[in-house]
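These notes concern the structure reproduced below.
Labels below follow one simple rule: chain letters A, B, ... track the order of the sequence lines, proteins then strands, and each chain is numbered from 1. These numbers were taken from a predicted model, which means no experiment stands behind them.
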Number of protein chains: 4
Amino acid sequence: MAGTVRTAVVGASGYIGVETLRLLHRHPGVTLIAITSERYAEKAVGEAFPALAGLFPGLVFRKLDPAALAEVELVFLALPHKESMEVVPDLRKAGKRVVDLSADYRLHDWRAYEEWYGVPHTSKELLAEAVYGLPELHRDAIMTAGLVAVPGCYPTGAILALAPLLAHRLIDEQGIIVDAKTGISGAGRKPDLPYPFPEANEGVTPYGVPRHRHLPEMEQELSALAGIPLAVSFVPHLTPMTRGILTTAYAPLHGPAEQAALLDLYREYYRGAPFVRVSAALPSTRNVLASNYCDVSVRVDPRTRRVIALSAIDNLVKGGAGQGVQDMNLMCGSEETLGLEGAPVFP
Amino acid sequence: MAGTVRTAVVGASGYIGVETLRLLHRHPGVTLIAITSERYAEKAVGEAFPALAGLFPGLVFRKLDPAALAEVELVFLALPHKESMEVVPDLRKAGKRVVDLSADYRLHDWRAYEEWYGVPHTSKELLAEAVYGLPELHRDAIMTAGLVAVPGCYPTGAILALAPLLAHRLIDEQGIIVDAKTGISGAGRKPDLPYPFPEANEGVTPYGVPRHRHLPEMEQELSALAGIPLAVSFVPHLTPMTRGILTTAYAPLHGPAEQAALLDLYREYYRGAPFVRVSAALPSTRNVLASNYCDVSVRVDPRTRRVIALSAIDNLVKGGAGQGVQDMNLMCGSEETLGLEGAPVFP
Amino acid sequence: MAGTVRTAVVGASGYIGVETLRLLHRHPGVTLIAITSERYAEKAVGEAFPALAGLFPGLVFRKLDPAALAEVELVFLALPHKESMEVVPDLRKAGKRVVDLSADYRLHDWRAYEEWYGVPHTSKELLAEAVYGLPELHRDAIMTAGLVAVPGCYPTGAILALAPLLAHRLIDEQGIIVDAKTGISGAGRKPDLPYPFPEANEGVTPYGVPRHRHLPEMEQELSALAGIPLAVSFVPHLTPMTRGILTTAYAPLHGPAEQAALLDLYREYYRGAPFVRVSAALPSTRNVLASNYCDVSVRVDPRTRRVIALSAIDNLVKGGAGQGVQDMNLMCGSEETLGLEGAPVFP
Amino acid sequence: MAGTVRTAVVGASGYIGVETLRLLHRHPGVTLIAITSERYAEKAVGEAFPALAGLFPGLVFRKLDPAALAEVELVFLALPHKESMEVVPDLRKAGKRVVDLSADYRLHDWRAYEEWYGVPHTSKELLAEAVYGLPELHRDAIMTAGLVAVPGCYPTGAILALAPLLAHRLIDEQGIIVDAKTGISGAGRKPDLPYPFPEANEGVTPYGVPRHRHLPEMEQELSALAGIPLAVSFVPHLTPMTRGILTTAYAPLHGPAEQAALLDLYREYYRGAPFVRVSAALPSTRNVLASNYCDVSVRVDPRTRRVIALSAIDNLVKGGAGQGVQDMNLMCGSEETLGLEGAPVFP
């Protein structure tokens, strides 16, 4: 398999980790040579995840061990925040390129990290080199990056919904409200209450109000787009589905705007972004399931002079593992869409 | 069964209608003597709805016929909008009291009705006597009303979340945003796409943006509370559950506010409202299922100087049939909670 | 509240326990004076279960303590198996009547218990007095019992589907196959894998094949009906819903049988059983949700000379807490249906 | 795209049809040159199915018209039964190879077809050449076939679960019981009751008892395996999920059998079948979602001397469109797995 990138997935037993495995299976640009998991150490992939039985012959979970990664060129880190920054410095010293799916390198300002995550940042020196892995905003920087911080699921949905409006200075930057609805897999693979089926089912449940940890990340990127620091009101909700995030963002318009013109502006903004589908029709998580697409639409509310920008993603794909693979493709000079061409699963 | 009210349910084959039957079963203040349905005419209740088999011995659906209602004192109308105003005038002339679950008498201004519903209002003369059946706002008027218009499901959730803030002039009235998430039963008993299970499942789908028909109703009541006309941005979303509406409302605060003080103010406002439960904990549709409760909470977002007001209801109970029964209790001088004491179904 | 039974619910923090609370709320024959839970000790009901906020003013969970039960006449035990038999002997010595929702007193033969549950039975002396709490089979014995063992959820569905066939000697007793489909709440309130929503959703998953613990209980009662010892094949399946058990039972017919005659025989058999609804229509869990009904039907398969008997229950009501309340009503000389009149929740 | 097969999908607006589109997207052996649909005639794919927007540039639904198929070599028919046999004869005369996803050519005996489907068979002359498209049983015949009848979803699950037992004469052929649980998409894209989300949700509902149309097909294939005519008892159930069929089959064993030996026998039987995964672990629909896998297991019940054989498939993939693509691959001399390598979606 000459020409492929020797890759490892570290922390592959959570939902984002196992989704990375799903996407790397048959990815033509990758040779997957190591996977790690404390929980499943010494188990074959199919033992840990019967869904993946037979797909990775010979591949066995190991405990994380630098030796096992000696031959690896690029590492996906699917660890919880805080654990990521404990291993990234050594990986970088050893010359590995890193796609980090945790929150540890997303915020440029370590003070913001420490404020919102409540722990000291122990790898500040790498923040300057880390690139925020949203290809639609930072494609060029990702291509040459050694360390990419894959965006959080909520920020991905919110930024892609709002970016064209801010880039074109069409809205009041201080008036943004982001209301998001996520599938339960967004809570991670935690067997805690309130995530058992009977208690999650038939429940739409807000949480993290008004200080969810994805806020500073959202504000960092939206502020950069707007050219001034801005603050957002954000409320995430658990909804009874497995996957998906629907983001509904509201903002006051600076002036009159026409629906059709806004859609054109969105289409222009996302020209060249293969995974953003702009449409006059309202997006639904139903239409992006298991794919890397972000469906986006925008509506004018003339009665209140507000704009409503909406997006739908699969939180585990474009909101996580898929975006990480998209980043890897760019880092490796591959086609951005390589291995991500799968159509959404409908119904 | 002396002392009970002779009642009929007209149009009992939709979700709101059948839920009315469920709640009237064993209601100690009611004798149910007639039910109508075009679809199920001449069928026993249990034939049409096996869930209700055995509960209403002898009761058979009939086509709507004034003669069948001759003995009735109070009528629940669970008809689609437009059909309701075709029968209400005669019912009122015949001296029946009416609890109308449709939209036809909710708006005081027939021009607003015609604008939003796209049909002529054919019963304008009764709009003046119709009372908006939200007991938490209009308890006294309901008690003596001949015609009560039961509020829509979305307005119920939004108004109860926001009323204390407007009544106390704490927020910018023109800055209100209402984001609501409903179970699929809210779409009615329509066997149309996109409501089949496979297409509704795993889908969070906004609709009716930016002009859902529940908007003028919401604005009518919120304006009355605020003392000035106001406009609201409103986005409803279908979510993959059967019942429930979670409402998340955002508004700019006039000045600094404290969480605890706001909660006290809410508790005070809803003192005497047996179905509103104010809590510091965030509400969830999971906790009100099949009950008439409206769970309410409120949070301050000091970073953006906004307030976030949240409510959870069962759209078919407090958002429909249950509220109708609550109205009937008040109209008949019964205890407001009569027949509605059932605890929420959890899990 | 003179004339009511002073009651306690012990172990009220599981799904069966909290469902017992839901059903006892407003039960006119009961005064609930104590509830226990290790997990929620010293918490008010509404703190532990926001769904029940406001319904039990003043009632606080306590750790299990004999003193707290001094005034109690009848105790619901919603403890795991093994824990129940640790407390029942003392309760009985103190003269309390006991409705035990665990498995500890369901099997008459302690050897069977020890074989299937893998622990010593430490309360053998009470097995003789324990009554199997299925009112449709043992109504009279329940009325005078001091200790009632409420049947398991699967046995309830299977026995009620098959009883008339066995009682009338219509089927080959050794040829019975029971295939059952349960909602996830049947697994208990365990925050373990595979019960988180994302992994239970979209999954129909058999388990416990071929030795589920409910088998000896099913066989004990079916054997008694048949008059000879019989063995059953039983496969339970987790299905992605919160509540409900649909049981499909198959058996070879001794001779020709007619659909209509079998239905008549079922109707006759269950005359006087207020919660069994026999119908020619196939049952669905959808139609019994949150109610104590067991819907039953039966079909002849002339091509294979088999009969197919089907039932639907809510596993937490007729399969647990509701059946316990039904037992309590009988024990206390109340109307069998008291407090259980609530109509199924549809949809 | 030299070397690819020029293909059309006829009747592409149902769930099986749109799933065929999903699987053909990027299939390296196919050029999709025409799609037909009455409902969506003249609409682009993405207009009809927003999930597929952008994936088939230029492809537009047309009404079925022989001219449009002139250049096509192989046709997928995703029409309802009865409509298929109206178009197949002309397609065959024109030299097209046909993969028929309907029931019209599955039964070798037209009398059985007429009995079970209640309509005359109008294309009897083609029954002799039609091959039952289950590659695990008929691989060689499929490779050279001009007309392949893709098996029904239930028969696929049942046959693959039972084949090794019958082929090895291990069970009583007349004692087979098949209990199947399907996702709601199995009912087709019908906006009828009882398929709206609110009525399908929380419902496990048997139907078609005791004469579901998939029975003769199951019996035809199982009889061939057994070498004698046999009859099966079969009960399908709707369960609240979008996709998946879990099949639980029961049969009396001729003699003693050991679990491990049976599993070996299954593994041997399915050696060379790339989509059948035999495991000691019980299968779950959760583990095959959106993939062409059939997970199979088998358990001995020594107490009753029965064997329990279980399988899980995605009804729209291995139970429909995926199996059709697998057939096409074989017909065209491609690798059997081509275009079907996608890993199951988990969670």
Legend entry - Heavy-atom contact with chain D under 4.5 Å, split by part of C:I176: backbone

Legend entry - Atom group of C:V300 that falls short of 4.5 Å from chain D, counting heavy atoms: backbone

Top contributor to chain D interface from [options] [non-hydrogen pairs under 4.5 Å]:
{"options": "C:R303, C:R211, C:R299", "value": "C:R303"}
{"options": "C:S233, C:P240, C:P198", "value": "C:S233"}
{"options": "C:D301, C:T304, C:D179", "value": "C:D179"}

Closest non-hydrogen atom pair between [X] and [Y], with its separation:
{"X": "D:G203", "Y": "C:T285", "answer": "CA-OG1, 3.2 Å"}
{"X": "D:P206", "Y": "C:P283", "answer": "CD-O, 3.1 Å"}
{"X": "D:R243", "Y": "C:E202", "answer": "N-OE1, 3.1 Å"}

Legend entry - Between C:T239 and D:T239: side-chain donor-acceptor atoms closer than 3.5 Å: no

Inset, instruction - Name, in order of residue number, those residues of residues 245-253 of chain C that have a heavy atom at a distance of less than 4.5 Å from a heavy atom in chain D; otherwise write 'none'. - result: C:L246, C:T248, C:Y250

Inset, instruction - State which residues pass salt bridge (Lys or Arg N to Asp or Glu O under 4.0 Å) with C:D172; sequence neighbours excluded, sorted by chain then number. - result: none

Inset, instruction - Using heavy atoms and a sub-4.5 Å threshold, report which of residues 314-323 of chain D line up against chain C, by residue number. - result: none

Legend entry - Toward chain C: residues of residues 217-232 of chain D with heavy atoms under 4.5 Å: D:E219, D:A231, D:V232

Inset, instruction - Would you indicate whether the side-chain heavy atoms of D:I177 and C:R306 approach each other to under 4.5 Å? - result: yes

